[in-house]
There are 2 protein chains.
Amino acid sequence: MLTFWRHGYETTSVADLTAAMGVTAPSLYTAFGDKKLLFLEAVRLYAGDPDVMARTIGDAPSALEAARDLMTAAATAYTGEETPRGCLLASATASGSAASCDVQQAVADIRRGVQRRLDERIQRDIADGALPLTTNPAELSGLVMAVIQGMSVLARDGASRASLLATVQAALRAWPGMAAER
Amino acid sequence: MLTFWRHGYETTSVADLTAAMGVTAPSLYTAFGDKKLLFLEAVRLYAGDPDVMARTIGDAPSALEAARDLMTAAATAYTGEETPRGCLLASATASGSAASCDVQQAVADIRRGVQRRLDERIQRDIADGALPLTTNPAELSGLVMAVIQGMSVLARDGASRASLLATVQAALRAWPGMAAER
DNA sequence: CATATTCCATAGTGGTCGCTATGGAATATG
DNA sequence: CATATTCCATAGCGACCACTATGGAATATG
């Protein structure tokens, strides 16, 4: 997972993987099938259980809290000392040949799933009166997703954890009810 | 440029490039040196003259206008009918083996340059009194950069131009003086 | 203890990578 | 018209790609 995270899907060779895992190529293939299946396994390990993610968003006190948690967790994870910079999902399949478009789709599906959960959470807040009726859910969920994915690029470029957390705080000022002025 | 844009730097082969350009490999090598130099040339073509970019940001009526223009142009460019989705700079070197880290740095330098120009423009607005003294320039420029880079991922995932433009509008509500409520 | 079976590291498979040597056609020169 | 020079497409360079056939060691069985 760490090797794919650091170097991407197509740009990581099976030789890199066997070296990192300390196993031989035949062991890898009997255990995981092929490189694509191993990558998808690494993605599952990285993303965690989708139900847990859905529950985390659903159980947050408000959509605002959910968005804040998501972005803060991303900013922290992308600047960890023990892990590669940025987001495995954002960088590993950001580009690729036509041969890997199904892998790109699988990763995109995860992103779309997160956005959908967040979208639904925002709609619930609107229905509950916690957010104004004029709130545009897609607009807000899109902003949160863009900030999360964008921070991955900034983290790879060397941005500090503090600067990313500041970016999160700035993004939250776009939320309905958060004063833009100090 | 379009081929690198669509498939990334390391994940585009020289055979792909010669096919797209309609030339043979020896012609490509005598004209451009090697694959890396050809990519950097494509990046220059994509990014345009850095001075033009700097002047565009500097000459905008305000930092807000500059930020809005940057993000709107990105949202539009990332969803063009005639070009690949997303941003060449954001996706082509988002991941790569250790061998291409100098290319990744070159692309990161362009991003840092844009952010620095925007940062300086914000500082000028603060000095001119167009923005409150409490404004944090790095925070705002970081947000704009994150939204721009993030929209590239969303565009690749299939987001519409309208939804990206809505994201831009949402992001601008984080700007000092822009009311968060409708 | 002898035979059969499982297991896995070595050593390669054909194919593609980035890159280039070479020979024949086209042009310039005497 | 003969020779010299430029030019570029063909063909192929070693290295690496994802992936796998095979033989010897270790274990299980009679």
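Chain letters run A, B, ... following the sequence lines, proteins first, then strands; residues in each count from 1. Just so it is clear, the structure is predicted and the values come from calculations on it, not from any experiment.
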S.K.: Would you call B/Arg111 and A/Asp157 a salt bridge, using N to O less than 4.0 angstrom?
M.R.: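 Between A/Asp157 and B/Arg111 there is a salt bridge, with a charged N closer than 4.0 Å to a carboxylate O.
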S.K.: With a 4.0 Å heavy-atom cut-off, tell me which residues in residues 23-43 of chain A come close to DNA chain D, sorted by residue number.
M.R.: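 Output list: A/Ala25, A/Pro26, A/Tyr29, A/Asp34, A/Lys35.
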S.K.: State which residues pass side chain to side chain donor-acceptor pair (under 3.5 Å) with A/Arg124; sequence neighbours excluded, sorted by chain then number.
M.R.: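 A/Arg124 satisfies side chain to side chain donor-acceptor pair (under 3.5 Å) with no other residue.
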S.K.: Students should find this one: the first and last nucleotides of DNA chain D, 5' to 3', lying under 4.0 Å from a heavy atom of chain B. What are they?
M.R.: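 The contacted stretch runs from D/dA9 to D/dT10.
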S.K.: In chain order, what residues pass the side chain to side chain donor-acceptor pair (under 3.5 Å) check against A/Asp119, with sequence neighbours excluded?
M.R.: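 If we apply the side chain to side chain donor-acceptor pair (under 3.5 Å) test to A/Asp119, skipping adjacent residues, the hits are A/Gln123, A/Ser141.
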S.K.: Does B/Tyr46 have any ring pair (Phe, Tyr, Trp, His ring centres under 6.0 Å) partners at least two apart in sequence or in another chain, and if so, which?
M.R.: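 For B/Tyr46, the residues satisfying ring pair (Phe, Tyr, Trp, His ring centres under 6.0 Å) (neighbours in sequence not counted) are B/Trp5.
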S.K.: May I ask you to decide whether A/Glu139 forms a salt bridge with B/Arg173, counting only side-chain N to carboxylate O separations under 4.0 Å?
M.R.: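 Salt bridge: yes.
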S.K.: Under 4.0 Å, heavy atom to any atom of DNA chain C: which of residues 3-15 of chain A qualify?
M.R.: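 Output list: empty, so none.
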S.K.: Only Watson-Crick and G-U wobble pairs with both distances less than 3.5 Å should count. Give DNA chain D in dot-bracket notation, marking inter-strand partners with |.
M.R.: ||||||||||||||||||||||||||||||
S.K.: Output a table of donor-acceptor pairs, distance under 3.5 Å, between side-chain atoms of residues 47-61 of chain B and any protein atom two or more places apart or on a different chain; print 'none' if there are none.
M.R.:
residue: B/Asp49; atom: OD1; partner: B/Asp51; partner atom: N; Å: 2.9
residue: B/Thr56; atom: OG1; partner: B/Val52; partner atom: O; Å: 2.7

S.K.: Which residues pass the side-chain contact (heavy atoms from CB on, under 4.5 Å) test with A/Ala42, sequence neighbours left out?
M.R.: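 Counting only residues at least two positions away or on another chain, A/Ala42 forms a side-chain contact (heavy atoms from CB on, under 4.5 Å) with A/Met1, A/Phe4.
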S.K.: Do we get B/Lys35 above B/Tyr9's six-membered ring, with its NZ or CZ under 6.0 Å from the centre and within 45° of the axis?
M.R.: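 Judged by the rule (NZ or CZ under 6.0 Å from the ring centre, within 45° of its axis), B/Lys35 counts as positioned above B/Tyr9.
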S.K.: Between A/Asp69 and A/Thr72, does a side chain to side chain donor-acceptor pair (under 3.5 Å) hold up when you go through it step by step?
M.R.: CA-CA 5 Å; A/Asp69 290 351; A/Thr72 304; 5.6 Å; no
S.K.: Please name all residues satisfying salt bridge (Lys or Arg N to Asp or Glu O under 4.0 Å) with B/Arg85, sequence neighbours left out, ordered by chain then number.
M.R.: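 Not a single residue meets the salt bridge (Lys or Arg N to Asp or Glu O under 4.0 Å) criterion with B/Arg85.
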S.K.: Restricting to side-chain contact (heavy atoms from CB on, under 4.5 Å), what partner residues turn up for B/Gln104, sequence neighbours left out?
M.R.: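 Here the qualifying residues are A/Arg156, B/Thr93, B/Ser100, B/Cys101.
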S.K.: Hey, could you give me each pair passing salt bridge (charged side-chain N to carboxylate O under 4.0 Å, His left out) that has a residue in residues 88-102 of chain B? Not counting sequence neighbours.
M.R.: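 Of all non-adjacent pairs touching residues 88-102 of chain B, those that pass salt bridge (charged side-chain N to carboxylate O under 4.0 Å, His left out) are B/Lys36-B/Asp102.
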